[in-house]
Amino acid sequence: MGSLNKNIVISLLVMLLIGLSAWPVFVGVNIALGYFLGEGSVMDLWNQEPKRNLINSFVDGYIASALFAAALGAVAALDYLILARTRLTGYFAGISLPIFCIALAYLFYKEPSQVLLCFIATGFVLWIGYKTIDIGLRLRRSN
Amino acid sequence: MRPAYFVLLLLGISLLSTKASQADQAILIGGGYNANSSQGQIELNVKWVQSVLKKADIPVTTFFTDGDDPGFDVHYLNPPSQDKELNALDKLAEQLDPVARLFNNRVANQRRYRSHTIEDVQDGTESDTLAKALEDILTSKPDEPNLIVFNGHGNQSKTSMDKVTMELWNDTWMTAADLHSILNRSEASNRFIFTQCYSGGFHRLAYKNPEHGLELSDTTRCGFTAESAYRLAEGCSASIDTDDYRDYTTYFFAALDGYDRNGNLLPFDTDTNRDGAVSLREAHFYTLENAHSTDLPRSTSEDYLATWQPWYLKWITEKPTLQNNEYAKIFRVLAGRHDIPLSENPVKAIREKMQSYLEIDEDLKAQQSDIQSTLAEVHLELIYAAQAKWPALADPYTAMFQTMLASGEIVQVANWLREQPDYQKLVELQTQDDNIVQSLLDNERNLTQMHKMLHFRNIAKLKRQIYEYGTPEQISDYEKLVACEDKPLNSSEQPGSDKLIVNTRLTD
């Protein structure tokens, strides 16, 4: 019973972390990609418009994306409950995050191939976040 | 009279009146907020625009600075030149040049004031006067399309786009929101061309709510601005040498007229779609491609695209691809002009060039700082030396100083200064400083071309996106704005009609 409660608490923690960080990670990944690919109209706006415009736009995006972020958080929590229980499945725990991100690109974009890279990258960065919690907690458990 | 003829007559009259009510009228507003901000370029621009509009058979109502008041309301520079004969004032200015240089009045010493010489000025531009006049014009002919042109200065807003201003005579102003409420009285379409600093805020005239939102106003409004709501426009020059002018007006109206402001035929036809009339949109594109200035102009439809872009597209980095539309064409033309290879990653090449211009900017500013600190030292030494000999120089606007002026002693000061070894150094350093200022401006113009390429590459992408992700209503609104911009100067003229349009002289 104690273990079940602990798992629920951890999965809620995972859900919260992934849900809250989804939009900032998405934005960060896109800015980084924009920088490396040379595109990045957002970087140009940062130089050409008052910073408040982009900050407002970021906040608007945070609110508007809340539903998708919550879904992503729920997927992460489910993933944790199902896959993080055994050592074998633990290796794949978190895989559903990039898969869910790819699915979002295919579901909501007219030309998914144009935006696929940033969704895959976002999924992987979130996976790293997930794994940090997962591995961190395993290490604590093994102590 | 037989009833049938009577009916025909009535029908004829009604058709005539319908035709007349659809003709454009232009409202031309110009000048600075005082004589010192009313540069000669603004006056010459207003005169030229007025002549282009009149040539297009558009009735023009002009408002300029203080109206017909004979007081000084314009200034221009009268630089020393060997080609022209000097009058008494010019001679005195030349004599006093060393003193003016010493007291940082070098440019002011060349400045001359006068009353404007624009014809048919209806009234001044003081905000109350102008607001009342605009209301009268719009309410007296509510169904007549208007073209509003402003040539002057603007101020930015730190709160919202619709609070940017047109700076008007006697240090008054009118915000975009003020003009928005005035335009609400008109039932016709309104177009505008604003070239002042921060003019981009006036694109909010096109929307129902001037402050925010995407819903368009009940009547179509569209226009062109020299800049966004956040950037300064290419400076107004007090020089009367029109070859120096690179502002938005200079290119835009040249494209509409077919001739540049010096009367020279443009090197190519600006009627790019060959329909027999140059639309405002074609003039805008001509300006984008040809103006090498610090302006990054935009139209209302472009502003609409940027305002429309939803959150799920704004932050996305798409695969680098060039779109297939008119904005991509502008990008390609500019890229060709600035040696940006299109085959590889052009955006990376642009950013590298931008970086090199930023480095040049830093170098120039460092050089300028060195020159200015040496200049300040030389300056101080000369001032101390001069004041040791003529103590009254320390306090201008005093009785002693006035006595120096009246007795002509000030000319002796100027002559004494000319003989000082440090004076030559001062002149040299000031010339070097001028050259650096010019180099900084040239570099900024180059940098703006890079920003322009990136901006219109993005607009090209936005145009594709609105057709992919926009609702039918948003697409229709966007197309409405494009159609409004794509009309010729006289919007009642149908392209290809028999009546001469303004640029038909191209085929003369």
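None of these values were measured; they are calculated from a predicted model. A, B, ... follow the sequence lines: proteins, then strands. Residue 1 opens every chain.
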Engineer: Just so I know, are the side chains of Lys314(B) and Ser57(A) near enough to count as touching, which here means a heavy-atom distance under 4.5 Å?
Structural biologist: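 Yes, side chains in contact.
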
Engineer: Picking from His451(B), Lys461(B), Arg231(B), which has the most non-hydrogen pairs under 4.5 angstrom with chain A?
Structural biologist: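 Top option by heavy-atom pairs under 4.5 Å: His451(B).
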
Engineer: Regarding Asp44(A) and Arg351(B), does a basic nitrogen lie under 4.0 Å from an acidic carboxylate oxygen?
Structural biologist: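 Looking at Arg351(B) together with Asp44(A), the answer is yes, because their closest N to O distance falls below 4.0 Å.
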
Engineer: Check the surroundings of atom CD in Glu473(B): do more than 12 heavy atoms from other residues, nucleotides or ligands lie under 6.0 Å from it?
Structural biologist: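 No, not enclosed.
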
Engineer: What heavy-atom pair brings Asn30(A) and Trp315(B) nearest, and what distance separates the two atoms?
Structural biologist: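 What the structure gives for the nearest pair is CB-O, 2.9 Å.
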
Engineer: Does Asn47(A) CG have over 12 foreign heavy atoms under 6.0 Å away?
Structural biologist: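 Count over threshold, so yes.
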
Engineer: Taking all heavy atoms of Arg52(A) and all of Tyr230(B), pick out the closest pair and write down the distance.
Structural biologist: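 Closest approach of Arg52(A) to Tyr230(B): NH2-CE2, 4.4 Å.
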
Engineer: Using non-hydrogen atoms and a 4.5 Å limit, figure out which bit of Leu116(A) sits close to chain B: side chain, backbone, both or neither.
Structural biologist: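 The answer is neither part of Leu116(A).
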
Engineer: Please give me the minimum heavy-atom distance between Gly61(A) and Trp311(B), naming the atom from each residue.
Structural biologist: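 In this case the closest contact between Gly61(A) and Trp311(B) is CA-CB, 4.0 Å.
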
Engineer: Got a second to check how far Lys110(A)'s NZ is from Gln465(B)'s CD, nearest 0.5 Å?
Structural biologist: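 Separation between the atoms: 11.0 Å.
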
Engineer: Could you grab the distance from atom NZ of Lys319(B) to atom CD of Glu111(A), nearest 0.5 Å is fine?
Structural biologist: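 The NZ atom of Lys319(B) sits 9.0 Å away from the CD atom of Glu111(A).
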
Engineer: Less than 4.5 Å apart, side chain to side chain, heavy atoms only: is that true for Tyr109(A) and Tyr469(B)?
Structural biologist: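 Heavy-atom side-chain distance check passes, below 4.5 Å.
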
Engineer: Take a 6.0 Å sphere around OH of Tyr467(B) and say whether it holds more than 12 heavy atoms from other residues, nucleotides or ligands.
Structural biologist: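 Yes, OH of Tyr467(B) has more than 12 neighbouring heavy atoms, counting only those of other groups under 6.0 Å.
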
Engineer: Report which part of Tyr35(A) has an atom under 4.5 Å of a heavy atom belonging to chain B: side chain, backbone, both, or neither.
Structural biologist: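 Neither part.
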
Engineer: Can you find a heavy atom in the side chain of Phe26(A) that is under 4.5 Å from one in the side chain of Ile316(B)?
Structural biologist: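 Result yes, sub-4.5 Å side-chain heavy-atom pair found.
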
Engineer: Distance from Thr317(B) atom OG1 to Leu117(A) atom CG, nearest 0.5 Å?
Structural biologist: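 Between atom OG1 of Thr317(B) and atom CG of Leu117(A) there are 9.0 Å.
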
Engineer: Are more than 12 heavy atoms, taken from residues, nucleotides or ligands other than Lys158(B), located less than 6.0 Å from that residue's NZ atom?
Structural biologist: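 It does not: Lys158(B) NZ has 12 such atoms or fewer within range.
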
Engineer: Give, as side chain, backbone, both or neither, the part of Phe119(A) having an atom under 4.5 angstrom from any heavy atom of chain B.
Structural biologist: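 The side chain, not the backbone.
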
Engineer: Could you have a look at Ala32(A), Gly34(A), Ala64(A) and say which one has the most heavy-atom pairs with chain B under 4.5 angstrom?
Structural biologist: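 Highest number of pairs under 4.5 Å: Ala64(A).
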
